[in-house]
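Encoded as structure tokens, the structure appears first; notes follow it.
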Amino acid sequence: MIYADIIVDISHEKLDRSFQYRVPKELEAEIQLGMVVTIPFGNGNHERKGYVTGLSDKPAFDISKMKELHGICSSEETTEERLIALAAWMKNRYGSTMVQALKTVLPVREKVKAKEKRYIVLNMDAAAAEQLAAELESGRCKARARLVRALLKEKKLDYTKASRELGMTASVIRPLVDQGAVLVTQDEVYRMPVDGSDIPREQLSMLTETQEAALLQIQEEWKQETPRPVLIHGVTGSGKTQIYMKLIQQTVNEGKQVIVLIPEIALTYQTVRRFYGWFGDKVSVLNSRLSQGERYDQFKRAKRGEIQIMVGPRSALFTPFSRLGLIIIDEEHEQTYKSENSPRYHARETAEYRAQMENARLVMGSATPSLEAYTKAKDGEYRLVKLEARYEDRPLPEVTVVDLREELKNGNRSILSRSLKTAVERRLERGEQSVLFLNRRGYAGFVSCRSCGEALKCPHCDVALTEHNNGKLVCHYCGYEQPRVEKCPMCGSPYIGGFKAGTQQIEQVLRKTFPKARVLRMDYDTTRTKGSYEKILSSFAEHKADILVGTQMIVKGHDFPDVTLVGAIAADLSLNAADYRCAERTFQLLTQAVGRSGRGRKAGEAIIQSYHPDHYSIQAAAKQDYEAFYQEEMAYRMLMDYPPAAHMLSVLASGEDEKLLEQGMDYLAKFVERISGKYRVHVIGPAYASVGKVNDIYRKVLYLKHKDERVLQDIKNKTEKYIEVNSGFRKLYIQFDYT
DNA sequence: AGCACGCCGACT
DNA sequence: GTCGGCGTGCTC
């Protein structure tokens, strides 16, 4: 006897789990993981669709109460099945549940139905409704009267909103529907995220010689029997985009479809415009601001073959194309390609798998490839294509690294070094623009005591509080607020204050130092409202300001031809993050920043301020020398057994009970040591996670390192089982992640 | 989501 | 007692 775990295709959080059904004898040979089946469900035994998420020969439920599944839906939806197979792979690779993997791969199914616009409307005129309401009130039907009254005020009510805000349940609404008093309707109109119809069509521009050579190499690889993924290593401004466009065009001409992944931050109106300009209505663009409904519409259009090209962030990878021919990942090194939620998949790996599964090609590009990808390219797993020349042979900007320690020794306590100050002055005189950025990733403008060194922390989240302009101290995790303090709560010293390194402070310094300059600020605070991001960028592009100051978001992918100076205020803020990738991130950011200078006809300059001017990531970035950085960084990773030299698995546990968490993690660490003895796995921790406490939930983490990924996978599977059978872990939430 | 169950106030 | 509204909980 075979039993199948099935996820019911109904959209509700309550049904977010699987149910077990008997598989009829005649279907035993045929049934497979990921298939769509029909099942009787619920009290009325309504027939519904479900997905097979597990098969077993042992029942996990009282057999006398178990129903038998009806049949297999003939695989009309082959794309869907392939995506379910992808989900199954993700489940194994990243260690999530099948439900979570399915939800990631088929957001269509549950999210859509949940968000599908259903409305309640009156089915009678106002007078009749008024009478009905009165009748219902005089009777005992208070809830129904409430609904009718609400409908009199607002003739179209959102179904879910109505049930939440008015406390309606189906048993209130249904009798009214049966009675014919109201109607439940739903509209199904495509909502276009961006209307591309008014954007003029453009011809693809001619390729330069170097671009043409790169294109030929890629096409040559595609002619191989089993084409490898291609990694384009092209310096900033070498024109990778033009190559992508040619490849997309070629693929579409072959009658196949294309997915283009772009980091969220680069999905600006400019980018979207370019795609529409080149490919018109063959393209659809996704972004995270789209509602679930809008997103679903675009997926549906893709499934029906109405579009051939999908552009979007990480999640666009799951576009249900049936004839997928090419996946492009731009800015392959970007952190956003790694999902933060379970399954914590990486878009590069997952794209590689999907491409292989569907016989599609994969092309990645970056000016600063991730160590993982570049290592694979070096090992011949990926085909490496280099694109060295800068577009129109523009020279690289001249880079100066300023030692901030020297500045302090010479009595300059300002955020601006003397060289940066004079450089900005020169731009102002010449009417050119400057960009100054502060890499505050993972860093907050904390308040600390200069006498005991203690920083003020959030009582719930154990992270440093950030000082805002209004004088309040705010926790960026949970939103906790407290007024500014005059004395250090630890030692009573009055010497307590902020570390003045936020973009706001820099903006103030700039305004004071250059009173005539027009300064624009762009950071998380100024880009929160809709459209403000584009507004700031376009007003700077139109030269309505002289200086743009902001966080790293300003150095990603925007072309400002009049910018001839880029300054990194404190390059080493990111170097001090508690993460083995901090040098890589610093190098990437600085390289990108330097590349932003001198994109127009005028020569550019870049100034990097740092307390570690000799660090290889800063030196290599200054010289735009990727290879030098790669050698140094790879040596460090090999020495320390960090990825990609070895593989690393993190086990993150969280729970409300700190004692229990501590005990559980210690047990887990011992268990892992015991079962991994013969493999010599390196176990680190357990330690508190970098954010040790969020909303009163404690978090601890354990790291495992080993050269062979399969060893870690084996340990992960065994640990998962151990956790499952041990009731001591019931109250802990445990997540695995390959970092 | 959709169904049964059971509680509770109103009326025979 | 009984009837019906309406919240609650379960679905293999």
Side-chain angles (χ1 to χ4, degrees), chain A residues 1-25 27-28 31 33 35-72 97-99 102-103 106-120 132-151 157-179 181-186 188 292-293 296:
Chain A
M1 200 63 187
I2 295 183
Y3 305 92
D5 297 316
I6 287 160
I7 292 173
V8 184
D9 184 18
I10 300 176
S11 46
H12 221 147
E13 286 103 31
K14 293 279 168 62
L15 287 164
D16 179 26
R17 61 198 182 91
S18 63
F19 295 89
Q20 203 167 39
Y21 283 81
R22 292 196 309 269
V23 179
K25 276 265 154 6
L27 295 177
E28 273 184 9
I31 195 137
L33 215 74
M35 274 182 164
V36 184
V37 291
T38 49
I39 46 160
F41 189 74
N43 264 312
N45 277 333
H46 277 259
E47 182 155 285
R48 304 203 174 270
K49 273 189 182 178
Y51 300 102
V52 180
T53 61
L55 290 166
S56 147
D57 50 3
K58 285 190 200 82
F61 189 78
D62 185 356
I63 311 185
S64 62
K65 287 184 191 155
M66 203 187 292
K67 296 177 190 172
E68 193 165 71
L69 64 86
H70 283 168
I72 294 172
T97 64
M98 191 63 195
V99 185
L102 272 179
K103 278 179 143 189
L106 308 168
V108 183
R109 179 179 59 92
E110 51 93 38
K111 290 195 178 151
V112 142
K113 289 221 173 144
K115 281 262 164 147
E116 197 168 76
K117 284 285 168 194
R118 291 168 75 202
Y119 298 100
I120 311 171
L132 177 67
E135 250 171 58
L136 289 167
E137 264 155 13
S138 66
R140 293 159 301 253
C141 314
K142 279 180 291 173
R144 289 180 207 181
R146 238 184 306 148
L147 179 63
V148 177
R149 288 257 179 248
L151 281 169
L157 279 179
D158 191 289
Y159 191 99
T160 40
K161 219 166 132 192
S163 47
R164 206 179 15 230
E165 282 169 23
L166 298 165
M168 297 287 133
T169 54
S171 45
V172 178
I173 300 166
R174 211 153 28 82
L176 282 171
V177 176
D178 293 343
Q179 191 183 323
V182 301
L183 282 177
V184 174
T185 61
Q186 42 189 297
E188 214 196 291
Q292 293 297 342
Y296 174 59

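Here the structure is a predicted model, which means the values were calculated and not measured. Naming: A, B, ... by sequence-line order, numbering from 1 per chain. Heavy atoms only: backbone and side chains are in, while hydrogens, waters and symmetry mates are out.
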- prompt: Among residues 58-66 of chain A, which residues get a heavy atom nearer than 4.0 Å to DNA chain C?
  reply: A/Phe61, A/Lys65, A/Met66
message: I need the CD1-P distance between A/Ile6 and C/dC12, as an integer number of Å.
response: 11 Å
query: side-chain contact (heavy atoms from CB on, under 4.5 Å) with A/Lys58: which residues, sequence neighbours excluded?
result: A/Ser56
message: Whole angstroms only, please: what is the CD1-P distance between A/Ile7 and C/dT11?
response: 17 Å
- prompt: Just by distance, do the side chain of A/Arg22 and the backbone of A/Met66 share a donor-acceptor pair under 3.5 Å?
  reply: yes
message: Rounded to whole Å, how long is the line connecting atom CZ of A/Arg48 with atom P of B/dG2?
response: 6 Å
- prompt: Rounded to whole angstroms, how far apart are NZ on A/Lys49 and P on B/dA1?
  reply: 19 Å
So which protein nitrogen or oxygen atoms get under 3.5 Å of nucleotides 3-6 of chain B's nitrogens or oxygens?
unit_1: B/dC3; atom_1: OP1; unit_2: A/His46; atom_2: NE2; d: 2.8

- prompt: Roughly how far, to the nearest 0.5 Å, is CD of A/Gln20 from CG of A/Asp62?
  reply: 11.0 Å
task: Scan A/Arg144 against the nucleic acid and name what it touches under 4.0 Å (heavy atoms): base, sugar-phosphate only, or nothing.
output: sugar-phosphate
query: A/Ile31 versus A/Leu69: any side-chain heavy-atom pair under 4.5 Å?
result: yes
- prompt: Could you give the CD1-to-P distance, from A/Ile173 to C/dC6, as a whole number of Å?
  reply: 11 Å
message: Using side-chain heavy atoms (C-beta onward) and a distance below 4.5 Å, is A/Tyr21 in contact with A/Glu68?
response: no
message: Let me confirm one number: the CG-OG1 distance from A/Leu102 to A/Thr53, rounded to the nearest 0.5 Å.
response: 7.0 Å
- prompt: Do the ring centers of A/Phe61 and A/Tyr3 come within less than 6.0 Å of each other?
  reply: no
- request: Side-chain contact test, heavy atoms from C-beta onward, threshold under 4.5 Å: evaluate it for A/Met1 versus A/Ile63 and give yes or no.
  value: no
- prompt: What's the CG-P distance between A/Asp5 and C/dT11, to the nearest Å?
  reply: 16 Å
- request: Mind calculating the distance between CD (A/Gln20) and P (C/dC10) to the nearest angstrom?
  value: 20 Å
- request: Report yes if some heavy atom in the side chain of A/Tyr51 is under 4.5 Å from a heavy atom in the side chain of A/Ile6; otherwise report no.
  value: no
Nearest-angstrom distance from the residue atom CD of A/Glu47 to P of B/dG2: 15 Å
